[in-house]
Student: 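Please see the structure below; I have some questions.
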Amino acid sequence: MHTVTAIADVPSTLHWLSAASLNTLRQQNPQLALRLLDWVVRLLSNQVIHAKAEIQELLQ
C-alpha cells in the first residue's frame with residue numbers, strides 16, 4: 001500500500017481504485033477499463049508537458 005499526501009487548491013473529491021477493482025473492471029468491461037486507462041495516460045502526459053515547460057522557463 002502507498003501513502004499519498006495532497007493539498008487541494010479548491011474543494012475536491014478524491015476517488016481511489018484498487019488494483020483488484022481495476023482487474024475486475026478489466027474482466028467485466030474491458031472497453032471501459034481501456035477508456036479509463038487512456039484518460040489517465042492523457043492526464044499524466046499533460047502534467048508532464050506542463051511541468052517540463054515550467055522547468056524550462058525556470059532555467060532561462
Side-chain angles (χ1 to χ4, degrees):
M1 176 180 272
H2 298 279
T3 301
V4 177
T5 301
I7 299 173
D9 293 334
V10 296
S12 303
T13 301
L14 302 178
H15 298 275
W16 179 69
L17 180 65
S18 68
S21 294
L22 179 57
N23 286 333
T24 300
L25 179 61
R26 284 180 179 158
Q27 292 171 359
Q28 294 179 354
N29 194 335
Q31 287 185 323
L32 180 58
L34 184 59
R35 288 176 55 200
L36 174 63
L37 293 174
D38 182 64
W39 176 78
V40 170
V41 168
R42 289 174 190 265
L43 179 68
L44 293 174
S45 175
N46 287 335
Q47 289 178 347
V48 168
I49 290 168
H50 180 71
K52 180 181 176 187
E54 284 186 2
I55 291 168
Q56 286 177 333
E57 186 177 318
L58 290 170
L59 292 174
Q60 291 180 353

Student: Give a yes or no on whether Trp39 and Leu22 share a hydrophobic cluster (residues Ile, Leu, Val, Met, Phe, Trp, Tyr; joining criterion: side-chain heavy atoms under 4.5 Å apart).
Tutor: yes

Student: Tell me every residue that passes side chain to side chain donor-acceptor pair (under 3.5 Å) with Ser18, counting only those two or more places apart in sequence or in another chain.
Tutor: Ser21

Student: According to side chain to side chain donor-acceptor pair (under 3.5 Å), who are the partners of Asn29, at least two apart in sequence or on a separate chain?
Tutor: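 So Asn29 forms no side chain to side chain donor-acceptor pair (under 3.5 Å) with any residue.
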
Student: Let me check something: any side-chain donor-acceptor pairs from residues 49-57 under 3.5 Å, sequence neighbours excluded? List them with distances.
Tutor:
residue: His50; atom: NE2; partner: Glu54; partner atom: OE2; Å: 2.6

Student: Between Leu34 and Leu36, is there shared hydrophobic-cluster membership here, with clusters defined by ILVMFWY side-chain heavy atoms closer than 4.5 Å?
Tutor: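 Cluster IDs for Leu34 and Leu36 differ.
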
Student: Could you state whether Leu17 and Leu43 fall into the same hydrophobic cluster, counting links through intermediate Ile, Leu, Val, Met, Phe, Trp or Tyr residues with side-chain heavy atoms under 4.5 angstrom apart?
Tutor: yes

Student: With a 4.5 Å cut-off on side-chain heavy atoms, are Arg35 and Asp38 touching?
Tutor: no

Student: Do other residues, nucleotides or ligands put more than 12 heavy atoms under 6.0 Å from Leu59 CG?
Tutor: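 Counting other residues, nucleotides and ligands, CG of Leu59 exceeds 12 neighbours.
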
Student: Do other residues, nucleotides or ligands put more than 12 heavy atoms under 6.0 Å from the CD atom of Gln47?
Tutor: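 Atom CD in Gln47 is packed in, count exceeds 12.
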
Student: Taking a hydrophobic cluster as the set of Ile, Leu, Val, Met, Phe, Trp and Tyr residues connected by side-chain heavy atoms closer than 4.5 Å, whether directly or through intermediates, do Leu44 and Val41 fall within one such cluster?
Tutor: no

